[in-house]
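Have a look at the structure below, then the notes.
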There are 2 protein chains.
Amino acid sequence: MEDQIIKILRKSQLSVTESRRNILEIFIQAGSALAHHDVEEKTSERFDRVTVYRTLQVFMEKGIIHTIPTTENAVLYALCKDDCEEGHHHDNHIHFVCEDCGATTCMDDIHIPEIKLPLGYNALQINMVVNGICAKCKK
Amino acid sequence: MEDQIIKILRKSQLSVTESRRNILEIFIQAGSALAHHDVEEKTSERFDRVTVYRTLQVFMEKGIIHTIPTTENAVLYALCKDDCEEGHHHDNHIHFVCEDCGATTCMDDIHIPEIKLPLGYNALQINMVVNGICAKCKK
DNA sequence: TTAGTCTTTGCAACTTTGTTGCAAAAGGTT
DNA sequence: AACCTTTTGCAACAAAGTTGCAAAGACTAA
Ligand SMILES: [Mn+2]
Ligand SMILES: [Mn+2]
Ligand SMILES: [Zn+2]
Ligand SMILES: [Zn+2]
C-alpha cells in the first residue's frame with residue numbers, strides 16, 4: 001500500500017511528501033469520489049487548506065486524479081486508472097451518484113455511448129453522470 | 001418579449017418584479033447557459049447579489065431554469081423548455097460546452113442514450129455534458 | 001552523512017462566493 | 001387609496017478559493 005503510493009508519486013515525478021502520501025492514501029482507501037472538503041476532513045494529520053488545494057491541483061495535472069462535474073457547486077475528484085498521463089486524461093467512463101448514501105463512484109467498465117452531434121460540432125470529451133440508487137442502498 | 005416574460009412568471013405563480021423580469025430577460029436573450037456570476041454582470045440595473053441568488057433559486061424551484069454540472073466550481077443555469085413544472089424537471093438532453101467560445105448550450109433535440117447499469121443500480125436522472133468545438137467556432 | 005539546492009509547506013492577508021435575519025420597499029388585491 | 005403579503009437591499013457573517021513569502025522538508029551528489 002505504502003509502496004503503491006510511492007510508486008504512483010514517483011511515476012509522476014513528484015517528490016514524496018507527507019501530505020501527498022496522506023492525501024493519495026485517502027483516495028485509495030475511499031474508493032469513491034471526494035470533494036475538496038471531504039479530503040480536508042479525512043486527513044489524519046492536519047494540513048493547511050492551501051496545501052490540500054495545491055495537492056489536488058498537482059494530482060490533476062499529473063493525471064493521478066480526475067474531476068467529476070456536479071450540480072452542487074463542489075467538484076469531485078477520483079483516482080484515475082493507469083492510462084492517464086500528465087496533461088492528458090482518459091477517463092471517459094460513467095459516474096454514478098447514489099442519492100441515498102451519497103457516494104459517487106467511477107463505473108470504469110461501462111463505456112459512454114457514441115453521440116450523434118449536429119453537423120459542425122466536434123466532441124473532445126464527454127462527461128456522463130448518472131444519479132440514482134446504488135446496489136448497496138437498494139432494498 | 002415583455003409579454004412572454006410576464007406570461008412565464010404568471011404561469012409559475014410568481015409576482016412580476018423588476019429583478020425577475022430583468023433576469024429572465026437575460027436568459028432569454030443569452031440563448032446559452034449562464035453562471036450566477038454572469039447573471040450578476042449582465043443585469044442592467046444593479047440588483048443586490050442576494051437577490052440574484054434568491055431569484056435563481058426560485059426560478060429553479062418553479063421549473064423555469066435548470067442546472068448544468070461543470071468541473072469548474074460554478075454551476076450553470078439555462079432556460080427549461082415548456083414541460084418543466086414546479087418541483088419536476090424534464091431536461092434530459094445533452095449539454096455542449098465549446099472550448100473555444102466558452103458557450104454552453106442545451107441540445108434539446110439530442111436524446112441521452114440508454115445506459116446499461118450493473119445489476120441493482122437504478123438510474124433516476126442522467127446528465128451528459130459534451131466538451132468540444134461548436135459549429136460556429138469550427139473553421 | 002552531510003551540505004547544498006530546489007521544491008513544498010504553512011501562514012497571513014486577501015478576494016470571491018454563498019447564507020441569514022430583518023426592516024423598508026414594492027407588488028397584488030380589494 | 002388602503003391593505004396585506006412578498007420581495008428586496010443591507011449588514012453581518014461563514015465558507016471557499018487565491019497569492020506572496022519565509023521556513024521547512026525532500027532530493028542529489030559529494
Ligand atoms: Mn471517474
Ligand atoms: Mn439544458
Ligand atoms: Zn448508495
Ligand atoms: Zn464555440
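Each chain gets a letter, A, B and so on, in the order the sequences are listed, and its residues count up from 1. These numbers were taken from a predicted model, which means no experiment stands behind them.
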Report, one line per pair, each donor and acceptor closer than 3.5 Å where one atom sits in a side chain of residues 100-110 of chain B; sequence neighbours left out.
{"unit_1": "Asp108(B)", "atom_1": "OD2", "unit_2": "Lys81(B)", "atom_2": "NZ", "d": "3.4"}

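- In the hydrophobic clustering of ILVMFWY residues, with side-chain heavy atoms under 4.5 Å counting as a link, Ile8(A) and Tyr77(A) come out together.
- Relative to the side chain of Asn73(B), the nucleotides dA16(D), dC27(D), dG17(D) differ in distance, and dG17(D) lies closest.
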### Task
Apply side-chain contact (heavy atoms from CB on, under 4.5 Å) to the pair Leu34(A) and Lys42(A), showing each step before the final yes or no.
CA-CA 10 Å; Leu34(A) 302 169; Lys42(A) 296 201 187 213; 4.1 Å; yes
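- Rounded to whole angstrom, the span from the CD atom of Glu72(B) across to the C1' atom of dA16(D) amounts to 16 Å.
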### Task
Any chance you could list the contact pattern along nucleotides 1-14 of chain C? Use B for base contacts, S for sugar-phosphate-only contacts and - for none, protein heavy atoms under 4.0 Å, 5' to 3'.
-------SBBBB--
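- Toward the 5′ end of DNA chain C lies the nearest nucleotide of Val75(B), the other residue of the pair Arg21(B) and Val75(B) mapping further downstream.
- Distance, Ile6(B) CD1 to dG28(C) C1': 14 Å, rounded to whole Å.
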Residues 117-138 of chain B, side-chain donor-acceptor partners within the protein, below 3.5 Å, at least two apart:
{"unit_1": "Asn131(B)", "atom_1": "ND2", "unit_2": "Glu99(B)", "atom_2": "OE2", "d": "3.2"}

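- Between the OH atom of Tyr53(B) and the P atom of dA15(D) there is a distance of 15 Å, rounded to whole Å.
- Take Arg10(A) and apply the side chain to side chain donor-acceptor pair (under 3.5 Å) test, not counting sequence neighbours, and it matches no residue.
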Distance-only check: which donor-acceptor pairs under 3.5 Å involve side-chain atoms of residues 46-60 of chain B, not counting sequence neighbours?
{"unit_1": "Arg46(B)", "atom_1": "NH1", "unit_2": "Glu40(B)", "atom_2": "O", "d": "3.4"}
{"unit_1": "Arg46(B)", "atom_1": "NH1", "unit_2": "Thr43(B)", "atom_2": "O", "d": "2.1"}
{"unit_1": "Arg46(B)", "atom_1": "NH1", "unit_2": "Thr43(B)", "atom_2": "OG1", "d": "3.1"}
{"unit_1": "Arg46(B)", "atom_1": "NH2", "unit_2": "Glu41(B)", "atom_2": "O", "d": "3.3"}
{"unit_1": "Asp48(B)", "atom_1": "OD2", "unit_2": "Val50(B)", "atom_2": "N", "d": "3.0"}
{"unit_1": "Thr55(B)", "atom_1": "OG1", "unit_2": "Thr51(B)", "atom_2": "O", "d": "2.7"}

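- For His36(A) and dG18(C), the NE2 to P distance is 15 Å, given to the nearest whole Å.
- Taking the screw axis at each terminus of the helix from dT1(C)-dA30(D) to dT30(C)-dA1(D) from five consecutive base pairs, the angle between the two is 40° to within rounding of 10 degrees.
- Note on Leu79(B): it clusters hydrophobically with Leu14(B), by side-chain heavy-atom contacts below 4.5 Å among ILVMFWY residues.
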Donor-acceptor pairs under 3.5 Å, side chain of residues 16-32 of chain A to any protein atom, not counting sequence neighbours: which ones?
{"unit_1": "Thr17(A)", "atom_1": "OG1", "unit_2": "Arg20(A)", "atom_2": "N", "d": "3.4"}
{"unit_1": "Glu18(A)", "atom_1": "OE1", "unit_2": "Arg21(A)", "atom_2": "NH2", "d": "2.7"}
{"unit_1": "Arg20(A)", "atom_1": "NH1", "unit_2": "Ser15(A)", "atom_2": "O", "d": "3.0"}
{"unit_1": "Arg20(A)", "atom_1": "NH1", "unit_2": "Ser15(A)", "atom_2": "OG", "d": "3.2"}
{"unit_1": "Arg21(A)", "atom_1": "NH1", "unit_2": "Glu2(A)", "atom_2": "OE2", "d": "2.8"}
{"unit_1": "Asn22(A)", "atom_1": "ND2", "unit_2": "Ser44(A)", "atom_2": "OG", "d": "3.1"}

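- Contact record, Ala33(A) with Ile68(A): CB-CD1, 3.6 Å, taken as the closest heavy-atom pair.
- The nearest whole Å value for the distance from the CD atom in Gln57(B) to the P atom in dT17(C) is 18 Å.
- Note: CG (Asn22(A)) to C1' (dG25(D)) measures 16 Å, nearest angstrom.
- For Arg10(A), a side-chain nitrogen or oxygen approaches OP1 or OP2 of dC27(D) to under 4.0 Å.
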